[in-house]
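Below: the structure, in structure tokens.
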Amino acid sequence: MATPATLATCDLSHTLETLLRSAIITALGTAAGAADPQLKPSASPKFGDFQANFAMALAKTLGRNPREVAQAVVAAAPPALMDLCESLEIAGPGFVNIRLKPSSIAQALALMDSPGLGVPDSQQTQTIAVDLCGVNVAKQMHVGHLRATIIGDTIARMHERLGWRVFRQNHLGDWGLPIAMTLASLRRAGVDLSRATLDDLNAAYRRAQTEGLPEAPEHDAALADAHDTLRKLQAHDPDTVAQWQAIIEVTMREVFSSARTLGVILGPEHSRGESFFRDRLGATADAFVAAGLAERDAGALIVRFPGRERPLLIQKSDGTSLYATTDLAAARYRIEELGADLVAYCVDARQRDHFKDVFDAVAMIGWTRRAGKPDARLVHVPFGAVLGEDKRPLKTRSGENVTLASLLAEATARGRREVHARAQAPDAPTAGLSSDELDAIGQSVGIAAIKYADLSGDVGRDYVFDLDRMISFEGDTGPYAQYAVARIAGILAKAGANGRGAPLIIATDEERALGLHLLRYGSTLKAAAAALAPNRLAAYIYELANTFNSFYQACPVLKGSDPDLRASRLRLCDLSRRVLSDALSLMGIDSPARM
RNA sequence: GUCCCGGUAGCUCAGUUGGAUAGAGCAGCAGAUUUCUAAUCUGCAGGUCGGUGGUUCGAGUCCACCCCGGGACGCCA
């Protein structure tokens, strides 16, 4: 019987990697930099818990047989590695299959069983600015804003969880001629802004757009009025500024309300709209001129890129700025003033080329460079369209854009209906709850359904909005994950204990699979955040819910008579609940105790 | 015309840095329940990874060309 291993952290895969690396160096004399063990979770349980794939690549450079290379490394395995593992086997062309001792898994799980759940903490040494939501003042939010908001919030939350400093930046469309046109139109129509709704503003916005068309009879007068309004706004005319603030207020009230319904952290402190950058636009354009990066073309100011036909327009021929100018100023602000190491732009995929140009321009002028630090990174997180059943962008029957508010209302109503229906069964855990309580659970389920469906795929791709599928409670859905939490909560409540501190027994296949998957939480979260890919987190959640349900099926917790086993399994339940709940919370999804 | 993104099971999609027999869900079929919440679990079936060529020990993944679908392309954002 070998001495039991002593782990320093719960990150088993990191520990294995370090030990394997030293074995590789010892056995082969490889330079440390070239000694990557290529460790990953096994493709199948029959190959053990982890596999190391270093041998094939190293054998090539050394001109040796890969299985011999693997054999040499296994023979050089340090005692600490052997203490952790039940077996190290060489298979196939030279894979090293690693099977851990149950005690290693148990020990790592005990270390993970802490408030942080094994998630690494960057201690605020890294800063990210997340461009999210991106609403326009006086316009209704639609499904595109759903994506910009929840994807951005999830990316922000993942980084917060990992200990980054996070700045949410809601890049509002709150400035420029369109806003002035809307404001002028509202004033002509005599709308009382103190009691206007977003619908009123939206109507004025559209009316203003129509009036502004060249063929409209009132075109000249409307445009003159709008320009006059914009001038007053720029000159800080108190009445005009007050009206402008009023329409922002009306818009944002509804935005924040939708954010609350969605479980998204977004408030006035995150608003950093176009108006914020209005006094920096001239200097932005000037900087490009001064750097010799901008040139006049047909009266406009453009930035050209090597090897690219398309230039970036940063100033119109009438001398005014446009969205690229604001984006350049905002990028500079985020890097220089917020201190962002990384700026993630959660914006529609159709703006890919635009952001490529903006990012290249920012890099060319040197605004990504920082003294004594690596360059700041600007990354577009492009998301696809939400489609209707006809595979066309989602519209109402009358051809209007579907508003976010109506979508949320539908999802909420649907979730409530399902939860109420289930509570009818006399033996349902929710039987006897008040209608309000069921409503609250139902809302949480409905919101989870649409959010999870949105975040569980590659966000860059389009998807078809199908509420039936999202809320089906079967398969890879938000409600399925919530259900796993509710099941665990039921057991823990019934037991009146959580097994904390109990010795963990990893005996069955299901306990092992659950334990190993729990241990992957920290590294999975880190990888998901680094890739700015919420779907990786979702995949983890689904796998964990699934693994737990298999465990639940095979391993009775409360029914067993052995008190040690019961305590161990309770502890696994408790840990599973906390990890699931934590992971769901990073997507802003609640986990009700009953459903 | 130029550029970008995508094409994986009947449908919807995963697929990490190039690793073993390409995985899930839905739909289909066969099972498990006096339920620690069956909104569950177990099993079966289902594939020319758009096509061709290339790189190499190994390609869904990298490269070239082609086909199909979607998108963006100077004074909107």
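Protein chains get the first letters and strands the later ones, always in sequence-line order, with residue 1 at the start of each.
- The aromatic ring of Tyr542(A) does not stack onto the base of rA24(B), failing the criterion of a centre distance under 5.5 Å from the six-membered base ring together with planes under 30° apart.
- Using a 4.0 Å heavy-atom criterion, one finds that Asn546(A) contacts the sugar-phosphate atoms exclusively.
- Each of Ser550(A) and Tyr323(A) was assigned the nucleotide of RNA chain B with the nearest heavy atom; the assignment lying further toward the 5' end belongs to Ser550(A).
- Using a 4.0 Å heavy-atom cutoff across all strands shown, Pro556(A) reaches at least one base atom of the nucleic acid.
- Side chain Asn97(A) to base rA20(B): a donor-acceptor pair is found below 3.5 Å.
- The distance from atom NZ of Lys139(A) to atom OH of Tyr205(A), rounded to the nearest 0.5 Å, is 4.0 Å.
- At the heavy-atom level, Asp458(A) lies under 4.0 Å from the strands shown only through sugar-phosphate atoms.
- Within the nucleic acid shown, Ala57(A) comes within 4.0 Å of at least one base atom, counting heavy atoms only.
- Residue Ser317(A) is in base contact, counting any heavy-atom pair closer than 4.0 Å across all strands shown.
- In terms of polar N and O atoms assigned as donor or acceptor, the side chain of Glu274(A) never comes within less than 3.5 Å of the base of rA77(B) in a complementary pairing.
- Below the 3.5 angstrom threshold, one finds a donor paired with an acceptor across the side chain of Arg422(A) and the base of rU37(B).
- Using a 4.0 Å heavy-atom criterion, one finds that Ala300(A) contacts the bases of the nucleic acid, with or without backbone contacts as well.
- More than 90° away from 0 lies the glycosidic angle of rG25(B), which makes this nucleotide anti.
- At a threshold of 4.0 angstrom between heavy atoms, the contacts of Ala538(A) with the nucleic acid are absent.
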